[in-house]
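Protein chains get the first letters and strands the later ones, always in sequence-line order, with residue 1 at the start of each. What you are looking at is a predicted structure, and each value in this text was computed from that prediction instead of being measured.
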Amino acid sequence: MTVRTRFAPSPTGYLHIGGVWAALFAWLYARRHGGQFLLRIEDTDTKRTIPGALESLMTSLRWFGIEWDEGPDVGGPYGPYIQTQRKELYQKWANWLIEHEYAYKCFATPEELAEMRAALEAKGDRSGYDRRYRDLPAEKVAELEAAGREYVVRFKMPLEGQTAVPDLLRGDVMFDNSQFTDYVLLKSNGLPTYHLAHVVDDHFMEITHITRGVEWLNTAPIHVNLFKAFGWEMPVFVHLPVILNPSGKGKLSKRHQAFTEDGTEILVRADEFMEGGYLPKAVLNFLANIGWTFGDDVEKFTMAEAIERFDLATVSPAPTKLPYSKLDWLNGQYIQEMEPLELAKAVRPYLEAAGLEVNVEALLLVMPPMRVRLKRFTDAIDFLRFLGEESPLPASATALTHKQLPLESAVAAFREAHTLLAELQPFTLEEISAKLMAIGEKHTTSGKAGPFLGQMRLAVTGQQVSPPLFESVLALGRARVVERLDQILALFEETAPTAGDHHQ
RNA sequence: GCCCCGUUCGUCUAGUGGCCUAGGACGUAGCCCUCUCAAGGCUAAAACAGGGGUUCGAGUCCCCUACGGGGCACCA
């Protein structure tokens, strides 16, 4: 039997990172076994569907490279893959259940239900329904129907005994049937609830492994009994653990505080990872390490490699928090492997979004040393600001001195650097580096270039932190550097007009 | 309140009765390297929630407690 898994989100908003994780595991498992992975849209709560959510969801999934073999847009032999378009199917099987006495029509009005709930709760019963329409005589049912009364279809849960939910990660989980009531399968608007829809769909779509969050474990007995009533073979249940909020309590939710107390940023929506400057393969690698281990103490691997050994059975049932700092590390590792051109292309949109116009050649020149410095593409913004916009001049010339580079030496060194860079031939990294180094060693009291290079960086880029000086100079280009040094020398003039030579 | 699940370094995890003086990774700290920032190398601190069993032997099996999480809709 070919393995068939599915990801079945509701189009109620942006894709959640936990959803990506669940989809990834289902996808990996299907790929591992050469089966199919499908995308199904559970939009039976029409009040909650948000226009555009479906598209955004598919865009996100595709950005990650999680491709479905069957789904709303690609079609497939078991479609349609959008539940509201399968309404008749659910109604047909709801009727089948009624005919075979596994379900019944319940005519309770909202008011009636509210009263019932209150009365039940007063007795400490939170089930919300007392099964009062379960055994209504056929004539009475016909009568109410003839009167045009609205109704829902409820499932006849077993009144006693236990239901075992066979869970791949936990074994048989036992539930007393007495704690359940008769749940709604078909709403009064004719649309199914999750319970009916997913059972019907998973059966007809021939899903072999139901992967879903643990929040479904408690209602799984309904599903198990439904499969039994229909006489359908039960898929394997895999209840995936929740992903917890690292900043506080509870599960990771879309309404969250953006940072934890130690200052790490909490990303939740799939698109936040895209905009945050992460590589999809890094995020996927990161997620694959949550609840599952590649093995051999290996933490960095491709999805192709993961597919070779992925197994749902070894997924941990324990809830976890996302270790975001590990994502940054992984992303940095992948960035280090990028070709300069590739990196330049990846980084540019982020610079532009930050309002920095940087030409590709300049960007390319500075990419080799930048590879090792970026955790996310967005990190490039602060590093390369000087390339994209006029950087502020130091407040005064003293800012360009150093205890090993007093004012007079600084003036002399900057003058020399100015002359040098204005004329240097060829204007290459090797030349710039050798000559600037020499200037530094010559003027510094310690004879080390370091202090001068640091001040030179500040002078040229206006930044305390930048890519290595020589690459920065190269990327800025002779013209801009010389112009910049003109301004720097003027600054020295203001501060110490008598320093250096004597034109005034 | 009732029911269900879970619990190894700060975090993600390895571990399926002896190979565990508990391994890896991120993060943290120190040192080296160094033009800033990084990267890289080396080193360090850091965990079996607690209590009872079972067993020659328990992180590994069982029970209880504690803690964490989830669920109890005509929402999924």
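Comparing the P positions of B:rG70 and B:rU28 gives an interatomic distance of 29 Å, to the nearest angstrom. Distance noted for atom P between B:rC75 and B:rC64: 37 Å (whole Å). Distance noted for atom C1' between B:rA58 and B:rG18: 10 Å (whole Å). Separation of the P atoms belonging to B:rG50 and B:rU36 is 47 Å when rounded to the nearest angstrom. To the nearest whole angstrom, the two C1' atoms, one in B:rA47 and one in B:rC2, are 34 Å apart. When the C1' atom is used for both B:rG69 and B:rA49, the distance is 15 Å, rounded to whole Å. Spacing of P atoms, B:rA22 relative to B:rU55, comes out at 27 Å, to the nearest Å. Distance noted for atom C1' between B:rC33 and B:rU13: 32 Å (whole Å).
Between the CH2 atom of A:W216 and the P atom of B:rA76 there is a distance of 7 Å, given to the nearest Å. For the pair A:F294 CZ and B:rA25 P, the interatomic distance rounds to 16 Å; values are reported in whole Å. In this structure, CZ of A:R126 is placed 11 Å from P of B:rC2, rounded to the nearest angstrom. If you take CZ of A:R212 and C1' of B:rC4, they are 14 Å apart, rounded to a whole angstrom. Straight-line distance from the CD1 atom of A:I222 to the P atom of B:rC74: 11 Å, rounded to whole Å. Straight-line distance from the CG atom of A:D328 to the P atom of B:rG27: 9 Å, rounded to whole Å. With rounding to whole Å, A:L120 atom CG is found 14 Å from B:rA73 atom C1'. If you take CG of A:L217 and P of B:rG71, they are 11 Å apart, rounded to a whole angstrom.
Using bins of under 30°, 30° to 60° and over 60° for the plane-to-plane angle, the ring pair A:F273/A:Y278 lands in the tilted bin. Between A:F286 and A:Y324, the ring planes are tilted. Angles from 30° to 60° get that label.
Salt-bridge formation is detected for the pair A:D202/A:R6: a Lys NZ or Arg NE/NH1/NH2 atom is positioned less than 4.0 Å from an Asp or Glu carboxylate oxygen. With salt bridges taken as basic N to acidic carboxylate O contacts below 4.0 Å, none links A:D130 and A:K123.
Between the side chain of A:N285 and the backbone N or O of A:E299, at least one donor-acceptor pair lies under 3.5 Å. Listed for the A:D167 side chain is a donor-acceptor partner under 3.5 Å among the backbone atoms of A:R170. Side-chain atoms of A:T211 do not come within 3.5 Å of backbone N or O of A:V238 as any donor-acceptor pair.
Residue A:N218 places its side chain closer to B:rG71 than to any other of B:rA76, B:rG71, B:rG24.
Checking each of A:F155, A:Y194, A:F180 against A:H223 for a ring pair (Phe, Tyr, Trp, His ring centres under 6.0 Å) leaves exactly one that passes, namely A:Y194. The salt bridge (charged side-chain N to carboxylate O under 4.0 Å, His left out) test with A:D182 is passed by exactly one of A:R154, A:R131, A:R132: A:R131.
When heavy atoms are screened at a 4.0 angstrom cut-off, A:A108 is found touching base atoms of the nucleic acid. Among the heavy atoms of the strands, none lies under 4.0 Å from A:L330. A:V152 comes within 4.0 angstrom of a nucleotide base, judged by non-hydrogen atoms across all strands. Residue contacts shown for A:S188 include a base, since a base heavy atom lies under 4.0 Å away.
For A:E42, the side-chain hydrogen bond (donor to acceptor under 3.5 Å, both in side chains) criterion is met by A:R40, A:Q83, not counting sequence neighbours. In this structure, the side-chain hydrogen bond (donor to acceptor under 3.5 Å, both in side chains) partners of A:K435, at least two apart in sequence or on a different chain, are A:E431. In this structure, the salt bridge (charged side-chain N to carboxylate O under 4.0 Å, His left out) partners of A:D328, at least two apart in sequence or on a different chain, are A:R376.
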I'd like a list of close polar pairs between nucleotides 10-13 of chain B and the protein, N/O only, cut-off under 3.5 Å.
unit_1	atom_1	unit_2	atom_2	d
B:rC12	OP1	A:K321	N	3.1
B:rC12	O2'	A:N289	O	3.1
B:rC12	O2	A:K326	NZ	2.6
B:rU13	OP1	A:G291	N	2.6
B:rU13	O3'	A:T293	OG1	3.2

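Less than 4.0 Å separates RNA chain B from at least one heavy atom of each of the following residues of residues 169-183 of chain A: A:R170, A:V173, A:M174, A:F175, A:Q179.
B:rC67 and B:rG6 make up a base pair, with Watson-Crick or G-U wobble contacts both under 3.5 Å.
OP1 or OP2 of B:rA73 has not a single side-chain nitrogen or oxygen of A:K47 nearer than 4.0 Å.
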How would nucleotides 34-48 of chain B be written as a contact map, 5' to 3', with B for base contact, S for sugar-phosphate-only contact and - for no contact, using protein heavy atoms under 4.0 Å?
-BBBBSS--------
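Both A:P317 and A:V242 sit near RNA chain B, but only A:P317 has its closest nucleotide nearer the 5' end.
A:V173 has its side chain out of reach of A:H239: every pair of non-hydrogen atoms, C-beta onward, lies at least 4.5 Å apart.
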